[in-house]
Amino acid sequence: MRELILLKSGEIALKGLNRYTFEDKLIQNCKRKLADLGTFHFYKAQSTLYAEPVSEGVDLDEAVRRLQKVFGFAALSRACVVDKDFDAIVGAAAEYLAPTLAGIKTFKVEAKRSDKSFPMKSPEICRELGGELLERFPHLRVDVQNPQLVVMVEIRDFAAYIHAGQIEGAGGMPVGTSGRAMLLLSGGIDSPVAGYMMAKRGLEIQAIHFAAPPYTSERAKRKVMTLCEKMGEYCGKIPLHVVGFTQIQEEIRERCPEELFTIIMRRYMMKIAQSVAEKNGCGALITGESMAQVASQTLSAIACTDVACAMPVLRPVIGMDKREIIEISRKIDTFETSILPYEDCCTVFTPRHPRTKPNLWMIEQAEKALDEETLLAAALEQVETIVIG
Ligand code: ATP
Ligand code: MG
């Protein structure tokens with residue numbers, strides 16, 4: 001029996017003339033995702049992408065699991081393909097769905113007929129197919145209101161498709177169709193969620209992490225690599241740029257007022273991130289900042305970090321509560337890694353009383369004690385780039 005996966009487009013379906021660019025990128029992303037499972041033939045029609053295995057023995061369940069994490073689809077179904085002939089449809093439905101039908105008591109049939117040349121109309125298909133299934137599976141009953149299973153028949157361009165309903169897709173736009181951005185990735189809960197959210201809006205993600213050895217360990221770095229790997233299930237491969245931040249932090253601690261330490265450090269992070277982003281063709285930075293969560297995330301602190309770089313800074317979790325952020329981090333499976341108790345460069349030199357309302361003039365005066373040019377050049381010289389996966 002021929003089987004394939006039907007992928008129903010989400011927002012892309014609303015695009016105009018440039019829809020093909022989005023669809024092509026989506027196909028490319030799917031192909032990459034399935035490459036090691038076997039060969040698939042992709043084709044599209046009527047806001048639906050068809051992923052049909054060409055090679056033998058492809059694990060379609062695994063393919064569905066992976067495609068559920070590809071941004072750009074509203075829904076997907078594993079379906080069997082059959083000729084547009086009613087008898088063939090009855091035979092295929094009975095055979096294909098037999099294992100499922102054996103385990104339930106109530107069902108109904110839903111039909112969608114986008115090929116209007118098919119001689120039977122949808123209500124007739126539902127009635128007739130329902131009757132045939134009742135005859136073959138006498139333990140079943142039709143329940144239109146609340147069935148245990150909806151048998152779907154879709155009569156489309158190329159063929160008819162039978163499946164047991166659809167599952168929700170990841171939504172969003174295909175990764176790469178909105179450009180590329182650099183995510184400031186700490187080891188915490190918020191930044192992986194921020195990266196996921198922007199990838200969902202079509203951005204290709206690269207990540208930058210600031211490490212402060214020997215204050216931060218190799219384990220802390222590996223934790224960030226694991227986060228990239230986990231995010232990669234949704235975002236695609238994420239190159240990780242690791243920046244040594246120790247010298248800068250020590251200089252700030254030595255030469256600047258303690259209460260301004262965090263904000264000055266964050267301004268240096270933004271400056272370095274912007275340089276690395278520019279070198280890698282990124283058009284924006286992404287952070288996991290959430291309003292009022294900590295001292296460096298007050299409005300005036302954000303204003304002071306914002307002016308440190310010219311690039312747009314995207315902060316998708318700015319208006320979210322910790323609880324809401326955690327919910328997403330559990331969904332994308334980064335939570336358990338994020339809460340591993342390894343040290344972060346931010347926590348190494350946390351001031352006792354950070355300023356919650358810093359003033360830009362004061363900060364700029366304090367920063368004069370630092371040789372910015374030399375510090376930035378030294379940090380940028382030894383950026384280590386790791387491609388994970
Ligand atoms: P997170 O949970 O993402 O660590 P947080 O609530 O701990 O965030 P901060 O430590 O103030 O908040 O960091 C705010 C944002 O700054 C982070 O979301 C991240 O984008 C960036 N950031 C912080 N530390 C680092 C780091 N060591 N490397 C890269 N980016 C960082
Ligand atoms: Mg943090």
Side-chain angles (χ1 to χ4, degrees), residues 181-198 205-213 215-217 219-225 227-228 230-231 238-246 248-249 252 261-277 282 284-299 301-302 304-306 308-309 311 313-330 332 334-351 354-356 358 379 383-384 386:
M182 184 66 72
L183 169 69
L184 282 85
L185 183 63
S186 64
I189 297 169
D190 307 331
S191 38
V193 171
Y196 158 84
M197 288 176 74
M198 293 323 301
I205 307 290
Q206 295 205 0
I208 184 167
H209 175 69
F210 295 90
Y215 305 104
T216 64
S217 64
R219 282 190 316 181
K221 184 169 120 187
R222 271 205 300 275
K223 169 180 171 180
V224 175
M225 289 164 65
L227 288 173
C228 282
K230 297 207 169 222
M231 291 168 66
I238 301 177
L240 171 67
H241 309 278
V242 181
V243 180
F245 208 45
T246 317
I248 291 176
Q249 289 192 299
I252 301 174
F261 176 87
T262 307
I263 190 89
I264 294 176
M265 177 193 75
R266 296 199 50 77
R267 281 162 58 87
Y268 268 80
M269 278 188 182
M270 301 309 262
K271 287 174 192 169
I272 294 170
Q274 166 160 287
S275 290
V276 178
C282 298
L285 301 180
I286 303 168
T287 76
E289 288 163 297
S290 160
M291 184 59 74
Q293 201 184 80
V294 288
S296 63
Q297 296 172 19
T298 61
L299 194 53
I302 288 174
C304 293
T305 31
D306 224 33
C309 80
M311 249 183 205
V313 181
L314 308 175
R315 301 178 169 90
V317 305
I318 193 76
M320 289 169 74
D321 291 350
K322 197 76 187 182
R323 190 176 44 79
E324 295 167 314
I325 300 173
I326 288 175
E327 202 174 297
I328 299 182
S329 83
R330 284 191 195 281
I332 63 172
T334 52
F335 182 74
E336 297 299 331
T337 307
S338 289
I339 58 172
L340 292 173
Y342 305 146
E343 54 307 295
D344 175 65
C345 76
C346 295
T347 47
V348 177
F349 305 103
T350 308
R355 227 174 212 280
T356 51
V383 178
E384 180 197 4
I386 310 165

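One-based numbering along the sequence shown. Atoms within each ligand, like the ligands themselves, are counted from 1 in listed order.
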State the atoms of ligand 1, each with its element, that fall below the 4.0 Å cut-off from a heavy-atom position in [X].
X      : value
Met269 : 24 (N), 25 (C), 26 (C)
Leu185 : 28 (N), 29 (C), 30 (N)
Ile208 : 29 (C)
Gly188 : 1 (P), 2 (O), 4 (O)
Ile189 : 2 (O)

Problem set entry | Shortest non-hydrogen contact from Ser329 toward Val193 | CB-CG2, 3.5 Å
Problem set entry | Atom of Val242, atom of Ala211 and distance for their closest heavy-atom approach |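 Where Val242 meets Ala211 most closely, the heavy atoms are CG1-CB, 4.1 Å.
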For this session: Please assess Asp306 against Arg267 for the test salt bridge (charged side-chain N to carboxylate O under 4.0 Å, His left out), listing each intermediate value before the final yes or no.
Result: CA-CA 8 Å; Asp306 224 33; Arg267 281 162 58 87; over 6 Å; no
Problem set entry | Enclosure of Glu327 CD (heavy-atom neighbours >12, cutoff 6.0 Å) |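 Check fails, neighbour count at 12 or below.
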How many angstroms lie between atom [atom1] of [X] and atom [atom2] of [Y], to the nearest 0.5 angstrom?
X      : Y      : atom1 : atom2 : value
Ile263 : Cys304 : CD1   : SG    : 5.0 Å
Met225 : Lys230 : CE    : NZ    : 14.0 Å
Thr305 : Leu184 : OG1   : CG    : 10.5 Å

Distance-only N or O hit between ligand 1 and [X], under 3.5 Å:
X      : answer
Thr287 : no
Leu184 : yes
Phe210 : yes
Ile286 : no

Considering [options] one by one, which has a heavy atom nearer to [atom] than any of the others?
atom                    : options                        : result
atom 2 (O) of ligand 1  : Thr305, Leu285, Asp190         : Asp190
atom 13 (O) of ligand 1 : Arg266, His209, Met265         : Arg266
atom 26 (C) of ligand 1 : Gly288, Ser329, Ser186, Gly195 : Ser186

For this session: Using a 4.5 Å cut-off on heavy atoms from C-beta on, say whether the side chain of Met291 contacts that of Gln297.
Result: no
Exercise. Would you say Asp190 and Glu289 make side-chain contact, with heavy atoms under 4.5 Å?
Worked result: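 Counting from C-beta outward, Asp190 and Glu289 never come under 4.5 Å.
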Seminar exercise, completed: Counting heavy atoms under 4.0 Å, the part of Leu183 that contacts ligand 1 is neither
